[in-house]
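Sharing a structure with you now.
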Amino acid sequence: MPVLVFDLDDTLYPELSYVHSGFRAVAAFLSPLLGVPAETLAAGIIAEEAAQGRGQVFDNVLRQHGHWSKALVAACLRAYRQHLPTFSLYSDAERCLTRFADWPLYLVTDGHKEVQARKVAALGLAGRVRHAYLTNRYGRHRAKPDPHVFQLICRREKVEPNQVIYVGDNVRKDFVGIKPLGFRTVRILRGNYAHYEADAAHEADRRIHSLDELTAEFVADLLR
Ligand SMILES: [Mg+2]
């Protein structure tokens with residue numbers, strides 16, 4: 001039976017919803033220190049991120065309130081990374097996981113391993129996939145495009161790469177490492193890379209706009 005492997009961020013849920021959930025946790029933490037209501041702070045952090053990006057968001061907000069310190073920025077980052085997120089799957093992801101519930105399903109995701117593990121738990125995915133591979137657990141060099149964990153999936157399922165489909169959104173790294181080995185690839189056009197034009201080596205075998213397009217017939221055609 002074919003094996004379906006999914007990326008996590010922006011493939012199964014909107015990453016920005018996790019980011020905003022984290023910002024609300026940071027706002028709740030900072031509110032008593034700054035004497036500003038948490039809702040006001042959260043709105044300010046979200047606006048700052050939208051304008052300037054994520055890199056310096058806590059520095060900028062603390063400076064705006066006259067409370068910048070290296071220690072407080074670090075504390076904000078901890079509050080963000082350790083928060084228990086409240087967010088949910090894309091509705092088409094929910095339907096897709098239900099549709100293929102009897103198939104061998106996996107996740108492969110890069111990023112901070114504890115953060116990613118909390119997302120998997122909060123989204124209720126642990127019970128819906130055979131295993132969530134957090135590449136970070138195998139070392140930074142195993143992040144995509146490295147094919148290592150995909151090869152672990154083949155070994156575990158006793159299948160060749162041409163029976164394994166990876167669905168992801170990040171055309172820069174999701175497909176380029178595994179395509180030469182024969183893995184089949186599907187790009188979902190959403191998130192930051194939705195409009196990114198890639199060369200042939202980076203582009204997936206198929207592009208879809210919704211996981212509703214991923215059906216048993218679609219898979220059979222892709223594996224042909
Ligand atoms: Mg992604």
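Numbers here simply count residues along the sequence, with the first being 1. Each ligand, and each atom within it, is numbered from 1 in the order the structure gives.
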Residues forming a side-chain hydrogen bond (donor to acceptor under 3.5 Å, both in side chains) with Trp103, sequence neighbours excluded: none
Is the shortest distance from a Lys or Arg side-chain nitrogen in Arg190 or Asp92 to a carboxylate oxygen in the other one below 4.0 Å?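 Salt bridge between Arg190 and Asp92, a charged N being under 4.0 Å from a carboxylate O: yes.
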Does the plane of the ring in Phe87 sit parallel, tilted or perpendicular to the ring in Tyr13? Use 30° and 60° as the thresholds.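 Judged by the thresholds at 30° and 60°, the geometry between Phe87 and Tyr13 is perpendicular.
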Polar protein atoms (N, O or S) that approach the Mg ion (ligand 1) to under 2.8 Å: Asp7 OD2, Asp9 O, Asp169 OD1
Any salt bridge between Arg187 and Asp205, counting N to O under 4.0 Å?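 No, Arg187 and Asp205 are not salt-bridged.
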Pair Glu114 + Arg81: basic N to acidic O under 4.0 Å: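 No, this pair does not count.
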Ring centroids only, cut at 6.0 angstrom: are Tyr18 and His83 within range, meaning strictly under it? yes
